[in-house]
Structure formats: structure tokens, C-alpha cells
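Just below is one structure, and these are the notes that go with it.
Owing to the predicted nature of the structure, the values given are computational and were not obtained by experimental measurement. Letters A, B, ... are given to chains in the order of the sequence lines, protein chains preceding strands, and every chain is numbered from 1.
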Number of protein chains: 2
Amino acid sequence: MTRKSDEPRDVIAKWEVQLRKGVLEFIILHSLNEREQYGFELISGIAERAAINVPEGTLYPLLLRLQKEELISSRLAEGDGGAPRKYYTLTLQGRELLQAMIPTWSKLTISVDRLLHGAAV
Amino acid sequence: MTRKSDEPRDVIAKWEVQLRKGVLEFIILHSLNEREQYGFELISGIAERAAINVPEGTLYPLLLRLQKEELISSRLAEGDGGAPRKYYTLTLQGRELLQAMIPTWSKLTISVDRLLHGAAV
DNA sequence: TCATAAACCTTGCATGACAAGGAAATCAGA
DNA sequence: TCTGATTTCCTTGTCATGCAAGGTTTATGA
């Protein structure tokens with residue numbers, strides 16, 4: 001019995017990975033704009049509030065990148081019986097970028113939904 | 001006078017490229033599900049109805065990929081005083097995938113909007 | 001024959017998501 | 001003291017997509 005490697009579920013799962021590109025940066029910046037948070041806190045908060053699972057292998061490289069781009073900054077603090085936590089907050093640049101991202105996101109989703117529902121411009 | 005290469009407009013433009021990943025495949029499939037179309041027709045139709053500009057360098061490789069994955073099929077027809085047109089339609093697999101994509105897209109945008117507006121799950 | 005327009009194609013690069021594996025700090029108990 | 005569990009963070013390599021730039025083919029009209 002042969003088995004195709006491209007079953008529908010796999011195809012959708014791969015597509016979802018592509019769809020998330022850019023989106024995760026957006027929601028991380030937005031979450032940090034609400035309040036200072038550390039890595040694990042971001043992951044659990046976003047999972048709880050939006051049902052979006054952000055893997056560690058995605059989050060940490062992303063946070064490092066955002067810090068290198070000076071969109072966020074960090075400070076170390078003691079952990080709760082474990083390794084120290086790294087708390088992140090937005091820089092001024094980060095807040096400005098986030099403000100520009102919001103209408104960009106809105107425009108894209110509105111455009112797509114307009115196509116989906118066949119409404120005119 | 002120095003000039004930073006990372007001006008806000010560039011940063012947003014790059015981010016927008018990332019955001020479109022996956023989305024373009026989705027809207028192309030959706031457009032072709034409505035009716036058979038050729039490349040230029042897709043570009044102009046999507047630009048007009050959704051204000052989304054799909055460059056040729058994006059569209060043609062995408063169409064070739066979708067055809068290789070047997071999500072769309074094509075037929076040649078005469079052009080309007082120019083090169084022949086390649087008309088594309090969805091295959092059964094393509095229609096099935098599209099039907100699975102729609103709720104995936106909805107869930108993602110709803111989740112993000114829930115975060116943005118601070119509503120609870 | 002040349003220019004123009006319609007339509008399509010190719011190459012190479014930039015970039016983000018993530019699986020897998022790992023490392024460091026703390027604490028509890030044997 | 002050693003071991004294991006828990007919390008937290010990090011690194012590497014792979015895969016996929018979008019797209020700019022440049023090119024090709026077909027037909028038409030001057």
C-alpha cells in the first residue's frame with residue numbers, strides 16, 4: 001500500500017507556515033507594546049488569548065532579530081525557580097513601526113476579504 | 001550626508017513582502033475558482049478588485065508551481081494581437097485545497113484581530 | 001524591416017518559520 | 001553530593017515564497 005507524502009493535511013500545514021510569515025513579528029510587537037514580557041510568557045499569552053502556538057524555535061530567533069534591529073530591548077531578571085528571564089519591551093522605533101504595521105495589516109486583510117466575498121472596490 | 005538604508009518605508013515594504021507569503025497563492029486559487037483566466041487577466045483583475053498588485057515575476061512562477069502540484073490546469077488560446085494566452089482553471093484537488101484554505105485564513109485573521117482588539121477567547 | 005504591444009518565462013537573492021537538539025540555572029530529594 | 005525535574009533561553013540547518021531584473025515569443029502596422 002503506497003502512501004502519498006502530500007496529503008491534504010500536510011499541504012495545509014505547510015501553507016499555514018507560509019501564512020504566518022510576518023504575522024508573528026506583528027503579534028509579538030503588539031504583545032510587547034501592551035506590557036513588558038519574557039519569552040515563555042509571550043508564548044503562553046498568545047496561545048491563550050489567540051489560540052496561536054508560537055514554537056520556541058521561532059520565537060527566540062525572532063526576538064534576537066528584533067533586538068538587533070533595535071525594535072525591542074531587554075533586561076534580565078530572576079526566574080521562578082529556573083533560568084533567568086529576559087524581559088522585552090518596545091523601543092521608540094518599535095512603537096513607530098507597530099503603528100505603521102496596523103494599517104498595512106488591515107488593508108491586506110480587507111482586500112483579501114473583498115475578493116473572497118465578491119464585493120466591489 | 002549619510003543615509004540610512006533602513007528607512008521606515010523600506011522596512012514596511014519588506015514586511016509587506018513577507019505578509020503576502022501564502023496569501024497570493026490563496027487569492028490566485030480563489031480567482032481561478034470563480035472563472036478560467038490567463039495570467040495578465042489575473043493580475044489586472046486582482047489589482048482592480050482588491051488593489052493588490054501581483055508582479056509578473058511572482059505570478060508566473062506561482063502558476064507553474066500550482067500546475068506542477070496539479071492544483072490548476074491550463075489550455076492555450078489565441079491572444080489579442082500578441083503571444084498566445086494560457087488559460088488556467090482549478091482541478092478537483094485545487095478546489096478541495098481552496099475549501100480547506102478558507103477556514104484556515106479566517107481563523108488566522110480572527111485570532112490576530114482578537115489580539116489587536118484585546119478581546120478574550 | 002522595425003517598432004510596439006501582449007503575453008509569458010527564468011534566474012538568483014532575500015527572508016522568515018521551525019524542527020531538533022542543546023545549554024544553563026535552580027531546587028528537591030535520595 | 002548527585003541526580004532528576006523544571007524553567008528558560010539559544011543555535012543550526014533546511015525549506016518555501018515573493019520578487020526585481022532581464023529575456024523570449026507572437027502578432028500587427030507603419
Side-chain angles (χ1 to χ4, degrees), chain A residues 5-6 10-29 37-46 52-69 71-72 74-88 101 108, chain B residues 5-6 10-29 37-47 52-69 71-72 74-88 101 104 108:
Chain A
S5 64
D6 273 4
D10 300 337
V11 175
I12 284 284
K14 278 187 191 172
W15 178 61
E16 215 169 344
V17 169
Q18 298 303 320
L19 261 193
R20 293 159 72 108
K21 295 202 173 175
V23 176
L24 297 184
E25 174 177 347
F26 182 41
I27 67 181
I28 295 300
L29 288 178
Q37 288 175 80
Y38 64 96
F40 259 57
E41 195 179 7
L42 279 166
I43 290 175
S44 60
I46 290 170
I52 294 176
N53 179 53
V54 184
E56 292 177 47
T58 297
L59 181 70
Y60 290 111
L62 174 54
L63 289 172
L64 292 177
R65 197 193 95 218
L66 294 176
Q67 188 162 27
K68 195 187 289 175
E69 292 171 356
L71 299 171
I72 62 178
S74 67
R75 68 175 180 87
L76 276 176
E78 287 196 354
D80 183 23
R85 295 170 174 169
K86 220 166 181 177
Y87 281 89
Y88 290 93
M101 281 174 153
L108 180 66
Chain B
S5 62
D6 275 3
D10 300 337
V11 175
I12 284 284
K14 279 187 190 174
W15 179 61
E16 217 170 343
V17 170
Q18 298 304 319
L19 262 194
R20 293 159 72 110
K21 295 204 173 172
V23 176
L24 297 183
E25 174 176 347
F26 182 40
I27 67 181
I28 295 301
L29 288 178
Q37 288 175 80
Y38 63 97
F40 258 56
E41 196 179 4
L42 278 166
I43 290 174
S44 61
I46 290 170
I52 294 176
N53 180 53
V54 184
E56 292 179 48
T58 296
L59 182 70
Y60 291 112
L62 175 53
L63 289 173
L64 292 177
R65 196 194 96 217
L66 294 176
Q67 189 163 26
K68 195 187 290 175
E69 294 171 354
L71 300 171
I72 62 179
S74 66
R75 68 174 180 88
L76 277 176
E78 287 195 352
D80 183 23
R85 295 169 174 169
K86 220 165 181 177
Y87 280 90
Y88 291 93
M101 281 173 153
T104 302
L108 180 67

Phosphate OP1/OP2 of dA7(C): any Tyr38(B) side-chain N/O under 4.0 Å
yes
Report yes if a side-chain nitrogen or oxygen of Lys14(A) is closer than 4.0 Å to either non-bridging phosphate oxygen (OP1 or OP2) of dA16(D); otherwise report no.
yes
Quick one: does Leu63(B)'s side chain get under 4.5 Å of Leu42(B)'s, heavy atoms only?
yes
Rounding to an integer number of Å, can you tell me how far Glu16(B) CD sits from dG16(C) C1'?
16 Å
Would you state whether a donor and an acceptor, one from the side chain of Glu56(B) and one from the base of dC19(D), lie under 3.5 Å apart?
no
Most 5' of Gly39(B) and Arg65(A) on DNA chain C, judged by nearest nucleotide:
Gly39(B)
May I ask you to evaluate whether Thr58(A) reaches the phosphate of dC18(C), defined as a side-chain N or O under 4.0 Å from OP1 or OP2?
yes
To the nearest angstrom, the CZ-P distance between Phe40(B) and dA27(D) comes to 17 Å
Write down the distance between CD1 (Ile28(B)) and P (dG18(D)), rounded to a whole number of angstrom.
9 Å
Applying a 4.0 Å non-hydrogen cut-off, can you work out what Leu63(A) is touching in the nucleic acid: base, sugar-phosphate, or nothing?
nothing
Do Tyr88(B) and Gln67(B) come within less than 4.5 Å of each other through their side chains, counting heavy atoms only?
yes
Side-chain heavy-atom pair Tyr87(A), Glu41(A) within 4.5 angstrom cut-off:
yes
Among dT10(C), dG18(D), dC9(D), the one nearest any side-chain atom of Pro61(B) is dT10(C)
Rounded distance (Å) that lies between atom C1' of dT6(D) and atom CD of Glu41(A)
17 Å
Salt-bridge present (Glu69(B), Arg65(B); N to O < 4.0 Å):
yes
If you only use heavy atoms from C-beta on, which nucleotide in dC10(D), dC9(D), dT26(D) is closest to the side chain of Pro84(B)?
dT26(D)
Classify Leu24(B) by what it touches in the nucleic acid, base, sugar-phosphate, or nothing, heavy-atom distance under 4.0 Å.
sugar-phosphate
At under 4.0 Å between heavy atoms, what does Leu59(A) touch on the DNA or RNA strands: base, sugar-phosphate, or nothing?
nothing
Distance, rounded to the nearest Å, where Gln37(A) contributes CD and dT7(D) contributes P:
18 Å
Is the shortest side-chain heavy-atom distance between Leu108(B) and Ile52(A) below 4.5 Å?
yes
Can a donor-acceptor pair under 3.5 Å be found between the side-chain atoms of Lys21(B) and the base atoms of dT15(C)?
yes
Side chain of Leu62(A) only, please: which of dC10(D), dT10(C), dA17(C) is the nearest?
dA17(C)
Report yes if a side-chain nitrogen or oxygen of Arg20(A) is closer than 4.0 Å to either non-bridging phosphate oxygen (OP1 or OP2) of dC18(C); otherwise report no.
yes
Return the nearest nucleotide to the side chain of Tyr60(B); candidates are dT8(D), dT17(D), dT10(C).
dT10(C)
Whole angstroms only, please: what is the CD1-C1' distance between Ile72(B) and dC8(C)?
13 Å
Shortest side-chain distance from Lys86(B), nucleotide among dC9(C), dT11(D), dC9(D):
dC9(C)
Between atom CD1 in Ile46(A) and atom P in dC18(C), what is the gap in whole Å?
12 Å
Between Leu76(B) (CG) and dA7(C) (C1'), how many Å, whole number?
11 Å
Please pick, from dT11(D), dC9(C), dT7(D), the nucleotide with the shortest atom-to-atom distance to any side-chain atom of Tyr88(B).
dC9(C)
Between Ile28(B) and Glu25(B), is there a side-chain heavy-atom distance shorter than 4.5 Å?
no
Considering only heavy side-chain atoms of Val17(B), the closest of dA7(C), dT8(D), dG18(D) is dG18(D)
